[in-house]
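This one's a predicted model, so the numbers in the text were calculated from it and none came from an experiment. In what follows, every heavy atom counts, from backbone to side chain, and hydrogens, waters and symmetry copies are set aside.
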Number of protein chains: 2
Amino acid sequence: MVRTARFSEDDFIEATMAQVAEGGPPAATMQAIARRVGAPTGSIYHRFESRAAMLGAAWNAAYASFTAALAPLLRAGRPRDAALAILPWAREHERRARFLLLHEPVALFEDTPPPAPLRAELERLEESFDDAFRACVATRGDGALREEDLARAKFLIFDAPIAILRPHLMRGGPLPPFAERMIAELHAGMPIG
Amino acid sequence: MVRTARFSEDDFIEATMAQVAEGGPPAATMQAIARRVGAPTGSIYHRFESRAAMLGAAWNAAYASFTAALAPLLRAGRPRDAALAILPWAREHERRARFLLLHEPVALFEDTPPPAPLRAELERLEESFDDAFRACVATRGDGALREEDLARAKFLIFDAPIAILRPHLMRGGPLPPFAERMIAELHAGMPIG
DNA sequence: GACATTCTAAAACGTGCATTCTAATTGGCA
DNA sequence: TGCCAATTAGAATGCACGTTTTAGAATGTC
């Protein structure tokens with residue numbers, strides 16, 4: 001190390017999430033990200049080789065944060081708690097939640113995919129999260145793991161709670177207290193096993 | 001009318017939906033839309049004043065098609081049937097479904113919103129759909145209409161079924177038969193009233 | 001205290017796209 | 001038949017943005 005950096009990788013990652021969270025993918029221009037950090041655009045390219053790499057790094061960071069909050073509960077065979085854990089996570093990381101849960105990766109990446117190492121990292125994260133789901137379903141079921149069972153679990157633990165949050169994440173503002181109730185009711189009425 | 005048009009508004013609208021459905025918003029460039037129709041780019045501007053207007057018109061058309069399939073069932077007080085009606089609609093209009101259900105309007109419009117008349121038309125459509133929801137909830141409940149009741153209904157009839165379809169719409173290919181089952185179960189376990 | 005290296009800094013470049021422009025065609029109508 | 005507005009046709013324009021370049025500043029090491 002020869003010169004101390006004024007800006008960190010994380011500064012740019014956070015700024016990227018913020019730009020997407022507030023204005024969607026089109027608002028995440030390299031200039032806007034740099035401006036938000038207070039850096040010149042060129043500085044981004046010392047850390048990230050391209051815009052695709054910048055967005056990819058932000059995506060991986062948000063995804064890792066999210067799955068870290070849920071995976072342990074899944075592996076412990078507590079699907080209901082995993083589903084409910086999305087709420088405090090989203091309340092604590094509103095920016096990340098809006099970035100990760102409101103935008104399909106396809107909308108961010110399909111013009112230019114992130115470089116291979118980032119894609120590989122994301123694949124590892126996704127696979128690990130998938131494993132957690134399978135482990136959770138396995139603790140409940142008895143025999144073979146059908147595709148339908150896995151789809152059910154993902155819906156109940158992941159997609160449905162997010163569908164409950166989406167309107168409020170979009171509007172901005174606090175997540176309503178009845179979100180908890182709806183998730184609990186959902187799991188009471190439509191159990192995993 | 002002095003010269004017969006070779007291309008119709010609908011041609012461009014369908015091409016716009018197709019481009020977004022297949023490649024996301026960034027794939028819906030004016031040139032790509034025109035190329036898909038076989039027309040020069042300039043021809044689009046005889047019918048739509050801007051790209052925002054083009055996307056807005058496509059969005060309104062898809063939204064109208066979708067709500068037309070559901071609203072009557074809602075007004076008839078049949079929430080379960082409304083939720084299940086999403087499936088045949090999506091199977092019959094795969095392109096529209098991918099366009100409408102896989103992309104947040106925010107991602108399409110927030111850099112440049114569509115012109116006022118289109119926004120007004122969309123607002124009317126949304127309001128009418130909202131009314132249908134309220135009517136449906138009212139037939140079930142007894143007293144005042146709480147925000148939570150409306151949120152529950154929208155989740156059960158709209159967001160949850162779409163969450164069930166989303167992974168399959170994304171992947172492409174046919175919607176699985178167990179989607180029906182999951183929606184039915186959801187409504188059995190978590191009734192509207 | 002000079003050097004190598006990593007960074008900041010800001011301007012410059014090139015490209016792709018939305019939009020506009022100019023010209024050429026078409027076909028109903030007088 | 002000849003006129004004319006609507007339309008096709010496709011090239012031209014201008015801008016926004018990703019990326020590169022060039023120059024200078026900072027800092028640990030010898």
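- Screening residues 49-64 of chain B for salt bridge (charged side-chain N to carboxylate O under 4.0 Å, His left out), with sequence neighbours left out, gives no hits.
- Applying the side chain to side chain contact (heavy atoms under 4.5 Å, CB included) rule to A:Ser8 yields the partners A:Asp10, A:Asp11; only residues at least two apart in sequence or on another chain are considered.
- Between A:Arg134 and A:Asp131 there is a salt bridge, with a side-chain nitrogen of the basic residue lying less than 4.0 Å from a carboxylate oxygen of the acidic one.
- With sequence neighbours left out, A:Phe99 forms a ring pair (Phe, Tyr, Trp, His ring centres under 6.0 Å) with A:Trp59.
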All N/O contacts under 3.5 Å from nucleotides 10-14 of chain C to the protein, with atom names and distances to one decimal?
none

Reading DNA chain D 5' to 3', what string of ( ), [ ], | and . shows its pairs, if Watson-Crick and G-U wobble pairs count only when both distances fall under 3.5 Å? ||||||||||||||||||||||||||||||
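- Applying the side chain to side chain donor-acceptor pair (under 3.5 Å) definition to pairs two or more places apart or across chains, those involving residues 20-29 of chain A are A:Glu22-A:Arg36.
- For residues 68-90 of chain B, every residue pair satisfying the ring-ring contact (aromatic ring centres under 6.0 Å, His included) rule, not counting sequence neighbours, is listed here: B:Phe66-B:Trp89, B:Trp89-B:His93.
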Are there any protein N/O atoms within less than 3.5 Å of an N/O atom in nucleotides 24-26 of chain D, and if so, which ones and at what distance?
unit_1 : atom_1 : unit_2 : atom_2 : d
D:dG24 : N2     : A:Arg3 : NH1    : 3.4
D:dA25 : N3     : A:Arg3 : NH1    : 3.0

For residues 117-125 of chain A, tabulate all N or O donor-acceptor pairs below 3.5 Å that involve a side-chain atom, not counting sequence neighbours.
unit_1   : atom_1 : unit_2   : atom_2 : d
A:Arg119 : NE     : A:Pro114 : O      : 3.0
A:Glu121 : OE1    : A:Asn60  : ND2    : 3.3

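- With sequence neighbours left out, A:Phe12 forms a ring pair (Phe, Tyr, Trp, His ring centres under 6.0 Å) with no residue at all.
- Look at A:Glu180 and A:Arg91 and you find a salt bridge, because one of the NZ, NE, NH1 or NH2 atoms lies within 4.0 Å of a carboxylate O, short of that distance.
- Here the side chain of B:Ala5 is nearest to one of C:dA18, D:dT7, D:dT19, namely D:dT7.
- A close approach under 4.0 Å does occur between a side-chain nitrogen or oxygen of B:Arg6 and OP1 or OP2 of D:dA9.
- Listed by first then second residue, pairs satisfying salt bridge (charged side-chain N to carboxylate O under 4.0 Å, His left out) with a partner in residues 59-88 of chain A read A:Arg78-A:Asp81, not counting sequence neighbours.
- For DNA chain D, no neighbouring residue in residues 13-30 of chain B is found when judged by any heavy atom under 4.0 Å.
- Scanning all heavy atoms of the two residues, the minimum distance from B:Leu100 to B:Ala62 falls at CD2-O, 3.9 Å.
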